[in-house]
Amino acid sequence: MIEGIDAITYRIEHQLEDCQRFLRDWGLREISPTQFDTVNGAQVHLDTEVAAELEAGNTLASVLWGVTEASDLAHLATLLKDAPNFHHSHTEVSARDPHGLAIRFHLTHKQATTLQGSPSNPYGAPQRINAPSPVYERATPIEIGHVVLFSDCLQAAEDFYVRLGFVVSDRYPGRGVFLRASPEGGHHDLFLLQIPNHPRGLNHIAYTVRDIHEVFGGGLAMSRAGWKTQLGPGRHPISSAYFWYFENPAGGLIEYNADEDHLTQAWQPRSFDPSPTRFAEWAIDGGIDGHTRRQPKVEASGSFLTERK
C-alpha cells in the first residue's frame, strides 16, 4: 500500500538563501542547509543540480512516496517497468509520470506521532471541556499533505496513478481529479488540474498542521516574517479543509492545511462544476496582517474590537 508522501525535492536555480529562510519560517526543522523535515519525518530537499522535467525555474523535481511493505515495491516495479526512466533496486523503485515528474517509492521512513489537534465543541456534543482552544505563535507542520500539479494530459495522468493504486476521491470532469494514495485516508494526496492552454507545472504543495488554530498561527507568523499571501485563510468545501496559501520562492505555492475529510472504501466519488464557490466556501484575499490581526492596511483600534479611537 502507498502510505503517502515521504519526501519532495525542489530544483533551485536561483534565490537559494531565500528558499532556505522561507522553509525555516514555514516551521520545518533544518537538518542541513538543503534538507528540512516535518514532525513525522517527511523530508524537503533543495537541490541546485538535479534536473526537473516538469517546468523551468524553481519547481518540484521529484516526489518520494512511502509504501508499507517490501512486496509493495515489487508490485510497483511490475507496474512501472515500461515507464520512462524506470529503475528498480532492492530499496527503491523510480520512474517518471506522464508529466515528466520524477516519482520514487521506498519503504516509508516516517514516524508515527502522538500530536492531536484541539477538539471542537459542536452544538450538543462538546468535546473540549474546561479547556480553551490553543493559540499558536507559529506553525510546525506535521506532514506533507498533498501535491497539486497543473496537467496537460489529465486522463493519461489519472489512468497512470490509478493503475499504481491511487483512488479517485472527487473530480471536476475534464478539468481535475482528486486522488488519495490508498482506499482509506485523507481526501487527497494528489490533485491534477487541467486548465485550457496552461502548461504543465507545479501548482502547490500542502503541509498538514494540527487544526484551524495552527493554520491561523502559522499564517500570521509568515505574514510577520514578510512573506506574501496568495489566498487565505479560507475553507475548501470539497475537502472541508481549512487553508492559507503563500507564494513560495522554491516554486509554486505552499499551503497550511487542516481538518480535511477522512475517506474509506465506502466513499463514492462526486463530480463538480468548477466555480469560485466550489474552490472556497470563504477566503480572505490578501491574508491577514500578522501585526494588526486585520486585513492588510487596516489598523487595529482600541483594546477590544468594539472600541474605536
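Start at 1 with the first residue, then count along the sequence.
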- Item | Proximity of Phe166 and Trp65 rings by center, below 6.0 Å | yes

What I want to check is whether the side chains of His99 and Asp97 have a donor and an acceptor closer together than 3.5 Å. yes

Separation between CG (Asp47) and CD (Glu13), nearest 0.5 Å, reads 11.5 Å

OH (Tyr256) and CZ (Phe243) are apart, to the nearest 0.5 Å, by 15.0 Å

Quiz item: Is there side-chain contact between His45 and Thr34, with heavy atoms separated by less than 4.5 Å?
Solution: no

Would you call Arg200-Asp152 a salt bridge at under 4.0 Å N-O?
-> yes

Q: Return yes when atom NE2 of His90 has more than 12 non-hydrogen atoms of other residues, nucleotides or ligands closer than 6.0 Å, and no otherwise.
A: no

The reported gap from OG in Ser118 to CG in Asp211 (rounded to nearest 0.5 angstrom) is 5.5 Å

Using the rule given for side chain to side chain contact (heavy atoms under 4.5 Å, CB included), can you reason through Thr38 versus Leu28, listing the C-alpha separation, both sets of side-chain angles and the distance that settles it, and then say yes or no? CA-CA 6 Å; Thr38 64; Leu28 301 179; 3.8 Å; yes

Strictly by modelled atom types, are Asp6 and Thr108 linked by a side-chain donor-acceptor pair under 3.5 Å? yes

Salt bridge check: are Arg270 and Asp170 linked by an N-O gap of less than 4.0 Å?
yes

Report yes if some heavy atom in the side chain of Tyr172 is under 4.5 Å from a heavy atom in the side chain of Val177; otherwise report no. no

Measuring only between side-chain heavy atoms, which start at C-beta, is Leu231 closer than 4.5 Å to Asp285?
yes

Note: Lys110 and Gly41 closest approach over all heavy atoms is CG-C, 4.4 Å

Quiz item: Are Ile205 and Phe279 in one and the same hydrophobic cluster, where Ile, Leu, Val, Met, Phe, Trp and Tyr link if side-chain heavy atoms are under 4.5 Å apart?
Solution: no

| message | Assess the residue pair Arg294 and Asp289 against the criterion (salt bridge (charged side-chain N to carboxylate O under 4.0 Å, His left out)); give the C-alpha distance rounded to whole Å, side-chain angles, the decisive distance to 0.1 Å, and a yes or no. | response | CA-CA 6 Å; Arg294 307 290 191 273; Asp289 184 276; over 6 Å; no

| Are any of the side-chain heavy atoms of Tyr207 and Ile254 separated by less than 4.5 Å? | yes

TODO: Report the relative orientation of the aromatic rings in His236 and Tyr245; use parallel for angles under 30°, tilted for 30 to 60°, perpendicular for over 60°.
DONE: perpendicular

Kindly work out whether a path of hydrophobic side-chain contacts (I/L/V/M/F/W/Y, heavy atoms less than 4.5 Å apart) joins Leu101 to Leu46.
yes

Please tell me whether Glu260 and His262 have a donor and an acceptor in their side chains that are separated by less than 3.5 angstrom.
no

Q) Is a donor on one side and an acceptor on the other found under 3.5 Å between the side chain of Arg210 and the backbone of Val215? A) no

Rounded to the nearest 0.5 angstrom, the CZ-CD distance for Arg224 and Glu137 is 5.5 Å

Closest heavy-atom pair, His88 versus Val93, reported as atoms and distance to 0.1 Å, is CD2-CG2, 3.4 Å

Item to complete: Indicate yes or no: at least one non-hydrogen side-chain atom of Arg96 is less than 4.5 angstrom from one of Ile103.
Response: no

Please determine, by modelled atom types, if Ser133 and Arg128 share a side-chain donor-acceptor pair under 3.5 angstrom. yes

- Item | Test item: side-chain donor near acceptor, Thr229 and Trp244, under 3.5 Å | yes

His213 vs Val135, test: side chain to side chain contact (heavy atoms under 4.5 Å, CB included). Steps then yes/no. CA-CA 6 Å; His213 312 294; Val135 175; over 6 Å; no

**Message:** Assess the residue pair Ile2 and Ser182 against the criterion (side chain to side chain contact (heavy atoms under 4.5 Å, CB included)); give the C-alpha distance rounded to whole Å, side-chain angles, the decisive distance to 0.1 Å, and a yes or no.
**Reply:** CA-CA 6 Å; Ile2 301 171; Ser182 58; 5.8 Å; no

Test side-chain hydrogen bond (donor to acceptor under 3.5 Å, both in side chains), reference His146, set His204, His187, Arg180, output is His204

Minimum side-chain heavy-atom gap Leu193-Leu149 below 4.5 Å
no

* Heavy-atom donor-acceptor pair, Gln35 side chain to Val44 backbone, under 3.5 Å -> no

Heavy atoms of Leu80 and Phe86 approach each other most closely as O-CD1, 3.2 Å

Begin with the C-alpha distance, continue with both residues' side-chain angles, and end with the deciding distance and a verdict on side chain to side chain contact (heavy atoms under 4.5 Å, CB included) for Asn58 and Tyr10. CA-CA 7 Å; Asn58 289 2; Tyr10 288 102; over 6 Å; no

CD of Glu3 to CD of Glu69, rounded to nearest 0.5 Å, is 12.0 Å

inquiry  = Less than 4.5 Å apart, side chain to side chain, heavy atoms only: is that true for Ile288 and Pro233?
reply    = yes

Short N-O contact, Glu158 and Arg171, less than 4.0 angstrom:
yes

Next on the checklist: Regarding His106 and Glu92, do their side chains bring together a donor and an acceptor under 3.5 Å, going by distance alone?
Outcome noted: no

### Short side-chain to backbone donor-acceptor contact, Thr59 and Gly251, under 3.5 Å
no

CD (Glu17) with more than 12 external heavy atoms under 6.0 Å
no

Phe22 vs Asn248 side-chain heavy atoms within contact, under 4.5 Å: yes

Donor-acceptor contact present, side-chain Thr277 to main-chain Glu281, <3.5 Å: no

*Would you please say whether a donor-acceptor pair under 3.5 Å links the side chains of Asp261 and Ser240?*
yes

Would you say Leu79 ends up clustered with Leu179 if hydrophobic residues are merged whenever their side chains have heavy atoms under 4.5 Å apart, either directly or through other cluster members?
yes

Worksheet item: Are the side chain of Ser62 and the backbone N or O of Ala102 linked by a donor-acceptor pair below 3.5 Å?
Response: no

- prompt: Going hydrophobic residue to hydrophobic residue with side-chain gaps under 4.5 angstrom, can you get from Tyr161 over to Phe150?
  reply: no

OG of Ser151 to CZ of Arg175, rounded to nearest 0.5 Å, is 12.0 Å

Verify the neighbour count for atom CD of Glu30: are there more than 12 heavy atoms of other residues, nucleotides or ligands below 6.0 Å?
yes

Residues Cys19 and Ile12: closest non-hydrogen pair is SG-CD1, 3.9 Å

Q.
Please say yes or no: joined through hydrophobic side-chain contacts below 4.5 Å, possibly via intermediate residues, are Leu64 and Val147 part of one cluster?
A. no

query: Short question: side chain of Gln20, backbone of Pro33 - any donor-acceptor pair under 3.5 Å?
result: yes

Closest non-hydrogen contact found for Ala70 with Leu107 is N-CD2, 3.5 Å

Looking only at heavy atoms, the pair that brings Ala241 and Asn257 closest together is CB-ND2, 3.6 Å

